[in-house]
Amino acid sequence: MKSYSIRILKDRLLKTMVIILSVLTCVPLVLIIGKVLLKGYRQINLSFFTETTPSTLDAMLAVNNNQLIPGGIANGITGTMMMVLIATVIAVPIGLLCGVYLSENRKTRFAGIIRFLTEILQGTPSIITGIIAYIWVVVPMRSYSAIAGSVSLAIMLLPLIIRSTEETLNLLPESLKEASLSLGSSYTMMVLKVLIPSAFGGILTGILLAISRVIGETAPLMLTALGASAIQWDPAKPTSAVSLLIWEFYNDPNLSNMIWSASLFLLILVLVLNLTAKKIAKKWKI
Amino acid sequence: MEDIILKFHNVCVSYTEGKNAVNDVSADVRRGLITSIMGPSGCGKSTLLRAVNRMHELYPDIKITGSIELDGKDILKMNPIMVRRMAGMVFQRPNPFPTMSIYENILAGYTLNGIRLSRAEKDEIVESCLFNVGLWDEVKDSLTKRGSFLSGGQQQRLCIARALALKPDVLLMDEPTSALDPIATAKIEDLLVQLKKDVTIVIVTHNMGQAARISDYSMFMYLGELVEYDKTQKMFTNPKDKRTEAYLTGRFG
Ligand SMILES: Nc1ncnc2c1ncn2[C@@H]1O[C@H](COP(=O)(O)OP(=O)(O)O)[C@@H](O)[C@H]1O
Ligand SMILES: [Mg+2]
């Protein structure tokens, strides 16, 4: 009887601990979001999206007169969009094929090696992908560029996309393959017309989540895209990005108010990507 | 001389070395009839059936010896894609393609083989195939809906229609009604009897009643061996082998 009540007590204790700890984990998150929201929302208006970063002087004048800092982060938004787009275009086909290969050849040695390499790539510090992209792209092109930035982001996207594609395909029932092969389908047609479409929701979700993971990357972009104060549509030229702007704002005391609004923008972007991914995952479930 | 469409010659299939799941089966299947393969669970019925359209090639560990002739040609010397188009297959669980509409499911065999059809040809194939499996009236207003919204029995008829769309010579069916309720089962049995004028049917079943109702010839398998193969009526009234008799009288299975 005694040991029984002790067991109940232990149970209660553990439950309480779990609840306290989970609340504690949420504290930093709430603090970050709260801080970013409170300090960031004021700067956000139409010109925040349509205008480029203000000069230090303009910002200083505005701050001294207790006005909002003029200008916005349009150069960063366009740069981020362009680089994420190019990175996705590079990483998706390769990641998709690789994921299909891994899922179709689960036990072979070569697949094991590739799987191991993707794991390493996934754990590689992002600054290193930046250095790689610098050597591969910046050096031969003799210029910092959006392309170089995209390559570094693509390297980071790859393992995430490979993984999610493989995992989604592994979940497909064997009966789908049997059904297509029994109709005389070739292997290629089966992959293209049956497996990938059936896994489409999961694959798309994986891509969106991967994008949301790299969209705020800063370090690799410093070594590759460099930054620009104007909107730059030429992917061969140095380009800005929202994350790069946050770094620039941080380094310029006159612009520090902009840190929070740019961060808020990135946070909302990531949130939207995640919510969309969730919606898609739900809708496309088979 | 009867018309033989499918010839098994000393067929052995093994999943693990030294242990035959199908052991030395030889038999001739007659064209235009329904042949059932009966036997207790695990006796190698599915394994034998899947050897016909080379489904085992999906799994590299499986070894097959002996030969199978389809319409006089050794299936191992044919292109597997041709074999599978000549011998369509319907599985135990209905497996319509979840991303395709009913319409697209019927045409999947053509799409997957890269065969282009005109709109009129497509409509014609879809209508006639659905009509043949008695599904046309039930689904003609929802052709663009996904196949997976149909009931189990309807899905299985859809799968039969999908297999028939390629006009196979043989239809291989692996316990096609075991996942269905009695009414859906009865519908499919009626359907098979009607279909046999167009296509030879080999059906695996562990339902003796079903074999008795629809098949012209029956095979009885036990522990990987083909124990007895005869006219269904003869086998049910006067089995030659003790094991067949034991099975038919319900003493195992
Ligand atoms: N994928 C497999 N791997 C290993 N053994 C298998 C596999 N599938 C079937 N077997 C074995 O082969 C034998 C025949 O199986 P199967 O042909 O499925 O029987 P049935 O269809 O008559 O129930 C069984 O003993 C089963 O254990
Ligand atoms: Mg079976």
Side-chain angles (χ1 to χ4, degrees), chain A residues 92 96 99-112 164-208 277 279-286, chain B residues 46 49-50 52-61 78-100 104-115 146-149 155 158-168 170-174 179:
Chain A
V92 165
L96 213 61
V100 170
Y101 178 82
L102 289 184
S103 146
E104 286 295 306
N105 302 277
R106 287 176 212 184
K107 285 187 229 134
T108 61
R109 242 185 85 149
F110 187 56
S164 64
T165 305
E166 183 192 1
E167 277 161 16
T168 316
L169 287 174
N170 281 351
L171 289 180
L172 293 181
E174 199 73 2
S175 64
L176 265 184
K177 268 198 217 170
E178 292 185 339
S180 21
L181 289 180
S182 77
L183 289 170
S185 169
S186 68
Y187 188 78
T188 319
M189 287 301 249
M190 174 183 81
V191 169
L192 291 181
K193 301 254 161 158
V194 177
L195 297 189
I196 291 183
S198 302
F200 186 74
I203 292 173
L204 195 58
T205 305
I207 293 173
L208 289 182
K279 259 221 168 103
I280 290 172
K282 225 189 212 158
K283 193 169 166 199
W284 283 76
K285 212 166 183 185
I286 51 168
Chain B
S46 303
L49 194 73
R50 293 160 65 88
V52 176
N53 66 343
R54 295 175 61 171
M55 273 327 243
H56 292 314
E57 279 162 37
L58 268 173
Y59 311 95
D61 293 338
M78 292 165 69
N79 179 338
I81 292 177
M82 272 319 291
V83 175
R84 291 176 189 143
R85 284 182 55 187
M86 280 176 70
M89 189 160 218
V90 175
F91 298 83
Q92 189 163 352
R93 299 210 147 270
N95 54 2
F97 295 118
T99 53
M100 298 185 190
E104 291 163 335
N105 257 289
I106 300 286
L107 295 168
Y110 292 91
T111 327
L112 289 171
N113 281 293
I115 301 170
R146 305 253 147 136
S148 36
F149 102 109
Q155 286 188 27
L158 178 62
C159 292
I160 297 175
R162 180 178 69 186
L164 290 175
L166 286 167
K167 305 212 183 324
V170 182
L171 189 59
L172 309 167
M173 311 183 94
D174 191 352

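Every heavy atom of this structure was used, including side-chain atoms; hydrogens, water molecules and symmetry mates were not. On a predicted model such as this, the values are computed, not experimentally measured, just so you know.
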Chain A heavy atoms under 4.5 Å from B/Asn53: which part of the residue, side chain, backbone, both or neither? side chain

For A/Phe110, does the CZ atom sit with more than 12 other heavy atoms under 6.0 Å from it, leaving out its own atoms? no

B/Thr111 side chain to B/Leu107 backbone, donor-acceptor under 3.5 Å: yes

Less than 4.5 Å to any heavy atom of chain A: does that hold for the side chain of B/Arg162, its backbone, both, or neither? both

B/Met89 versus chain A, the contacting section by heavy-atom distance below 4.5 Å: both

Pairwise distance CG(B/Asn105) to OG1(B/Thr99) - rounded to 0.5 angstrom: 8.0 Å

Minimal non-hydrogen separation, B/Met100 against A/Lys193, with atom names: CE-O, 4.0 Å

Specify which of B/Cys159, B/Gly109, B/Gly114 makes the most heavy-atom pairs with chain A at under 4.5 Å. B/Gly109

